[in-house]
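Count residues from 1 along the sequence.
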Amino acid sequence: MKKHLKLLVILFIAKASFSQTASLGVQYSFPSYGLSAKFNPNDHHSIQLIYGALGIVSNFSGRYNYLFDENDAIVPTKPYLYAQAGKWFYNQGILDESVFGYGVGAGLEFNYFFWGLFSDNLKSSIEIGYGDVDLFYYDFSYTTFGFGLHYEFGY
């Protein structure tokens with residue numbers, strides 16, 4: 001797992017230099033949660049790396065997020081769709097396995113965490129999705145409810 005974390009840091013530094021904005025934070029999507037890094041090459045596309053080290057299963061996955069235009073509601077939000085793929089790990093006693101898994105979903109990104117009480121660079125998101133991971137002893141197709149909190153920086 002340390003190799004994955006090092007790879008995540010190296011990729012983040014390399015990609016952040018070519019992105020319009022980049023952000024670091026946490027992402028929770030049942031059944032795992034952990035660190036997250038996002039790269040936004042423009043206003044409508046986002047690439048996200050997730051290292052979900054905590055939870056029932058852990059994962060190392062990537063996401064493509066398509067962001068729609070921000071709406072003009074009382075609390076400005078940016079709707080998005082995502083597609084996720086990666087490797088999920090399950091280790092329970094003598095059981096130790098890893099398989100490919102995927103997910104799709106939709107969410108809302110809030111431009112202001114708690115309606116502007118904190119920094120404008122602190123972004124939060126809520127989402128709902130569907131995922132499928134076919135572990136040998138622990139198979140599940142699931143509906144995910146998730147949230148994220150990221151600090152955005154860039155130019």
Side-chain angles (χ1 to χ4, degrees), residues 1-70 77-111 113 121-154:
M1 289 298 185
K2 287 184 180 181
K3 291 179 187 177
H4 289 121
L5 188 57
K6 288 178 185 176
L7 179 63
L8 179 69
V9 170
I10 290 168
L11 286 173
F12 182 76
I13 292 169
K15 287 289 189 183
S17 62
F18 297 107
S19 297
Q20 181 182 9
T21 61
S23 57
L24 287 174
V26 294
Q27 183 72 39
Y28 172 84
S29 293
F30 177 81
S32 65
Y33 51 96
L35 302 174
S36 171
K38 286 184 180 181
F39 318 106
N40 301 319
N42 61 40
D43 291 337
H44 294 290
H45 303 283
S46 176
I47 298 167
Q48 183 176 7
L49 298 174
I50 302 169
Y51 177 61
L54 306 169
I56 298 169
V57 296
S58 57
N59 73 37
F60 187 74
S61 60
R63 276 187 179 183
Y64 167 74
N65 301 317
Y66 180 80
L67 299 128
F68 296 95
D69 289 328
E70 185 174 86
T77 59
K78 223 179 210 190
Y80 64 91
L81 298 174
Y82 72 84
Q84 179 173 355
K87 195 161 196 168
W88 270 253
F89 306 92
Y90 181 68
N91 186 344
Q92 185 65 33
I94 61 171
L95 299 175
D96 188 12
E97 58 181 317
S98 62
V99 297
F100 174 79
Y102 69 91
V104 294
L108 293 172
E109 182 179 85
F110 296 86
N111 288 336
F113 182 66
N121 293 356
L122 195 58
K123 310 256 181 186
S124 59
S125 61
I126 57 172
E127 60 192 32
I128 186 168
Y130 170 80
D132 186 54
V133 176
D134 191 20
L135 294 161
F136 188 71
Y137 289 102
Y138 190 66
D139 299 336
F140 56 93
S141 297
Y142 53 92
T143 300
T144 63
F145 297 97
F147 64 89
L149 182 63
H150 293 84
Y151 184 81
E152 186 175 79
F153 52 93

### Task
Determine, stepwise, if the pair Leu49 / Phe39 fulfils side-chain contact (heavy atoms from CB on, under 4.5 Å).
CA-CA 9 Å; Leu49 298 174; Phe39 318 106; 3.9 Å; yes
### Task
Please step through side-chain contact (heavy atoms from CB on, under 4.5 Å) for the pair Tyr130 and Tyr102, ending with a clear verdict.
CA-CA 9 Å; Tyr130 170 80; Tyr102 69 91; 4.2 Å; yes
### Message
Trp88 vs Ser61, test: side-chain contact (heavy atoms from CB on, under 4.5 Å). Steps then yes/no.
### Response
CA-CA 8 Å; Trp88 270 253; Ser61 60; 4.2 Å; yes
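Atom CD of Gln27 and atom CD of Gln84 lie 8.0 Å apart (nearest 0.5 Å). One finds the CG atom of Leu24 at 11.5 Å from the CG atom of Leu149 (value rounded to the nearest 0.5 Å). In this structure, His150 NE2 and Asn40 CG are separated by 10.0 Å, a value rounded to the nearest 0.5 Å. One finds the OG atom of Ser125 at 8.5 Å from the CZ atom of Phe110 (value rounded to the nearest 0.5 Å). Note that OG of Ser23 is 7.0 Å distant from CZ of Phe153, once rounded to the nearest 0.5 Å. To the nearest 0.5 Å, the span separating OG1 on Thr144 from CD1 on Ile128 amounts to 7.0 Å.
Residues Glu109 and Asn65 have side chains not in contact (no heavy-atom distance under 4.5 Å, counting atoms from C-beta outward). Taking 4.5 Å as the limit, every side-chain heavy atom of Asp43 sits out of range of all side-chain heavy atoms of Leu67. Arg63 places none of its side-chain heavy atoms less than 4.5 Å from the side chain of Lys38.
Taking the six-membered ring where tryptophan is involved, the planes of Tyr66 and His45 are perpendicular, since the angle between them exceeds 60° and thus also 30°.
Minimum interatomic distance between His44 and Asp69 (heavy atoms only, all atoms of both residues): CE1-OD1, 2.8 Å. The minimum heavy-atom distance between Phe89 and Phe60, with the atom names listed, is CE1-N, 4.1 Å. Between Tyr28 and Phe145, the shortest heavy-atom distance links the atoms CE2-O, 3.6 Å. When all heavy atoms are compared, the tightest approach of Tyr82 to Gly129 is OH-CA, 3.6 Å. Residues Val133 and Gly101 come closest through the heavy atom pair CG2-CA, 4.1 Å. Heavy-atom minimum distance, Pro79 versus Leu108: CA-CD2, 3.8 Å.
The side-chain hydrogen bond (donor to acceptor under 3.5 Å, both in side chains) test applied to Asn42 returns no partner, not counting sequence neighbours. When the side-chain hydrogen bond (donor to acceptor under 3.5 Å, both in side chains) test is applied to Tyr80, the partners found at least two apart in sequence or on another chain are Glu127. Applying the side-chain hydrogen bond (donor to acceptor under 3.5 Å, both in side chains) criterion to Asp132, with sequence neighbours excluded, gives Ser141.
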